[in-house]
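Okay, so here's the structure we're looking at.
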Amino acid sequence: MAANSNSRVASNHTSKKQKVRRNIHPFTNNTRIKRASKIVKFNDSGEGDHVSDQRSNKENVLTYKSLKSRASDLLKMRETLPVYQHKREIMSYIESNPVTVLIGETGSGKSTQIPQFVLEKLYDTKKHGSIAVTQPRRVAAINLATRVAQEHGCKLGEQVGYSVRFDNTTTTRTRLKYLTDGMLLRELMMNSDLREYSVIVIDEAHERTVLTDLILGFLKSLIQGPRPDLRIIVMSATLQAEKFSEFFNNAPILFVEGRKFDVKQYYLKAPTDDIVDAVIRCCIQINQGEELGDILCFLPGQEEIDKAVTIMEKIAKYVSDEAPVPLIVPYPLYAALPPVQQSLVFAPIKGFKRKVVFSTNIAETSVTISGVKFVVDSGLRKVKVWRHQLGLATLLTVPISQASAMQRSGRAGRESEGKSFRLYCESDYVKLPKQSEPEIARSDVTSPVLMLKRYGVDDLLNWTWFENPGKEAIVMGLQELYELGALDTRGKITKRGQQMALLPLQPHLSSVLIKASEVGCLSQVIDIVSCLSVENLLLNPSPEERDEVNERRLSLCNAGKRYGDLIMLKELFDIYFYELGKSQDASSERNDWCKGLCISIRGFKNVIRVRDQLRVYCKRLFSSISEEDEESKKIGEDGELISKILKCFLTGFIKNTAIGMPDRSYRTVSTGEPISIHPSSMLFMNKSCPGIMYTEYVFTTKGYARNVSRIELSWLQEVVTNAAAVAKQKVSDSK
DNA sequence: GAGCACTGC
């Protein structure tokens, strides 16, 4: 029966044919990496596996016996993986060292196998405790756990499970748990020494997300303090592992070769100044000179991508008419694209055609497109850099790192040998930084600082930071938290701060929610905050339908037209949730409605999930949310209620305000800088606001306020006076 | 007149 169950892995005869050279040894600087010559059709890390494993209903009726027999089939496959060959060596390092750093290239099997080796060891030695394996992304955690449960011969949630936001399959029997970084941090916030785990595996550590970096810091303080027994394995895909090793007292570094195909590099002879033009030319050249196979182009942002797609659409037919070459079919790919359009890039193309995908960084780690044989790399990406003094995010186009360039090129060698065309000179490649600047060095650290405070860290400047974000950033974070009432004058966390740290929101929004619970508009504010915490809820209409969609949005949201985007979100939520939710055929009605307004359907479903979660938390934290009379929680056009709601937001975003000038421009209250209302805002055309408040201040071509609301100038004084009174109160409380 | 990418008990 298990043999019939259509497994995705390579069949036996493929595995017999493999000749994989592999190598493992303690790492030295002059290690030579040999490339493997064959690939197994098996997704090692689950990274970027965009479609999660579609398990059939049949699986539910699989018996214990068939689960086991399937697992033993899979075992033959596992045994061919590079890490499996070195199981004993790897385990001896792990057993004899508190921390082990393991470098495993794509296809080495590290993410699925190492945790299972450790699990076997726990069984063998009858040791207690379980294993946590962290991942930066939810899909990866889910896919890995699903796969490993199959290999282990159990159902998800038995010995192997996963825990991600909104979805937890673990039970008390679970010994191996895949979870997102964020979930492990939440566990740290609740149960500070992670007593239930005996081994923690940090996967994809090279990605250096803020959350991974924080976890590394917490783990170091744990093994130096209350948990000297804890075993830690740091897994990374790049060779720059010395930093991990040094951080953990020169932990040993192991290197396991992966399985991927060779990718030939090509560079420009002279640099280009028009990157879109260069990408198009390169694609045309590939199309004329190379065998069939799809092209993946990396461009920095949506603007360049849309431009490239438009040009390519125009010239594709012309080019293929002129010579007998495949017809180029261009596709855009970026996160703000409606999911339906995103999914088009995954469909294989038929006939004498060549798929050309123009993508942002999303295709570098998060999404894998099969059939790609050629990569065209602009060498650029967009990055958000936080300016602490200004409380402003800037969006910059910058050169990528060498690691990133290699990752991009590698996308051409996942299924067969490929070619990578770098649209810059080889001499410039050598000058690129080895690694990208870690996220934490360019981020707002208010939220990390709150976590550390909640954890009980007093001296933040000298904490075991894996990457210290710097004194200035930390001090700004402390200042911000003090102003939000999360810290007292001595820098100790307040009761309010404790509550804020437990909410799954950025501190500013948490503080808005707490304020709302105090003044009695919690339910409405939760709805708005839920909308704000979902990225890409309102999609960008294409230029042709832009005016029409804007008109429709404006005509639906009477209060939003006057008061701005936060109130508009609530109006849209009310229609979606209360009005469309009632009918017989709610879901198709909702879908049509979303389409007409260019709203993400998936986005609104996420809003509902966030809302449910926040309501549960709030009930627990302030026991002040009531189920009765949901209808009355609609916003309507009640000016008094709207003012009350906006004032709640003002307590969290008092720094994000600007005052209207006689010439109808705006200047920020804090620094006097000029600021413009973002064109996506409801208030973009409205020229009569005395003041504005915004949840985000981003500098692109100029300073833009996003998620903008109208405020009265008198509110500023009112809110500041209240905050001062609260602060005073807090000081006297703590005396 | 405009939108890098992820993520949370």
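Please read all numbers here as calculations on a predicted model, not as lab measurements. Letters A, B, ... mirror the listed sequences (proteins, then strands); counts begin at 1.
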Shortest side-chain distance from [X], nucleotide among [options]:
| X | options | result |
| --- | --- | --- |
| A:R137 | B:dA5, B:dC6, B:dG3 | B:dC6 |
| A:V164 | B:dA5, B:dG8, B:dA2 | B:dG8 |
| A:F684 | B:dT7, B:dG1, B:dA5 | B:dG1 |
| A:P679 | B:dG3, B:dG1, B:dT7 | B:dG1 |
| A:R186 | B:dG8, B:dA5, B:dC4 | B:dG8 |
| A:R138 | B:dA2, B:dC6, B:dG8 | B:dG8 |
| A:T180 | B:dA5, B:dG8, B:dC4 | B:dG8 |

Interatomic distance where [atom1] belongs to [X] and [atom2] belongs to [N] [whole Å]:
| X | N | atom1 | atom2 | value |
| --- | --- | --- | --- | --- |
| A:I440 | B:dC6 | CD1 | P | 20 Å |
| A:R706 | B:dC4 | CZ | P | 9 Å |
| A:N536 | B:dA5 | CG | P | 7 Å |
| A:L214 | B:dT7 | CG | C1' | 12 Å |
| A:E535 | B:dT7 | CD | P | 10 Å |
| A:R208 | B:dT7 | CZ | C1' | 17 Å |
| A:L509 | B:dT7 | CG | P | 18 Å |
| A:I142 | B:dG8 | CD1 | P | 9 Å |

* Before accepting this row, confirm whether a basic side-chain N of the pair A:R137/A:E204 lies closer than 4.0 Å to the acidic partner's carboxylate O. =>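 Salt bridge absent between A:R137 and A:E204.
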* **Residues A:R227 and A:D193 bridged, charged N to O under 4.0 Å** =>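 The answer is no: the pair does not qualify as a salt bridge.
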* **Most 5' of A:Y617 and A:L333 on DNA chain B, judged by nearest nucleotide** =>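 Upstream on the strand: A:L333.
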* To do: Nearest-nucleotide wise, let me know which of A:L395 and A:L621 is further upstream toward the 5' end of DNA chain B.
  =>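 In this pair, the answer is A:L395.
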Base, sugar-phosphate, or nothing: which does [X] touch, judged by heavy atoms less than 4.0 Å apart?
| X | result |
| --- | --- |
| A:D306 | nothing |
| A:L503 | base |
| A:Q613 | sugar-phosphate |
| A:T700 | sugar-phosphate |
| A:L185 | nothing |
| A:L502 | base |

* To do: Please state whether the phosphate of B:dC4, meaning OP1 or OP2, lies under 4.0 angstrom from any side-chain nitrogen or oxygen of A:Y334.
  =>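 For B:dC4, OP1/OP2 do not have a side-chain N/O of A:Y334 under 4.0 Å.
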* To do: Give a yes/no on whether any side-chain N or O of A:S680 is located under 4.0 angstrom from OP1 or OP2 of B:dG3.
  =>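 A:S680 to B:dG3 OP1/OP2: no side-chain N or O under 4.0 Å.
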* Evaluate the criterion side chain to side chain donor-acceptor pair (under 3.5 Å) for residue pair A:D274 and A:T272; output intermediate values, then yes/no. => CA-CA 6 Å; A:D274 184 343; A:T272 170; over 6 Å; no
* Single hit among A:T360, A:D306, A:N536 for side chain to side chain donor-acceptor pair (under 3.5 Å) with A:Y334 ->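 So the option named by the test is A:D306.
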* Can you name the ring-ring contact (aromatic ring centres under 6.0 Å, His included) partners of A:Y704, sequence neighbours left out? ->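 Residues passing ring-ring contact (aromatic ring centres under 6.0 Å, His included) with A:Y704: A:H678.
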* To do: List in chain and number order the residues that pass side chain to side chain contact (heavy atoms under 4.5 Å, CB included) with A:E303, two or more places apart in sequence or in another chain; answer none if no residue qualifies.
  =>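 Applying side chain to side chain contact (heavy atoms under 4.5 Å, CB included) to A:E303 gives none.
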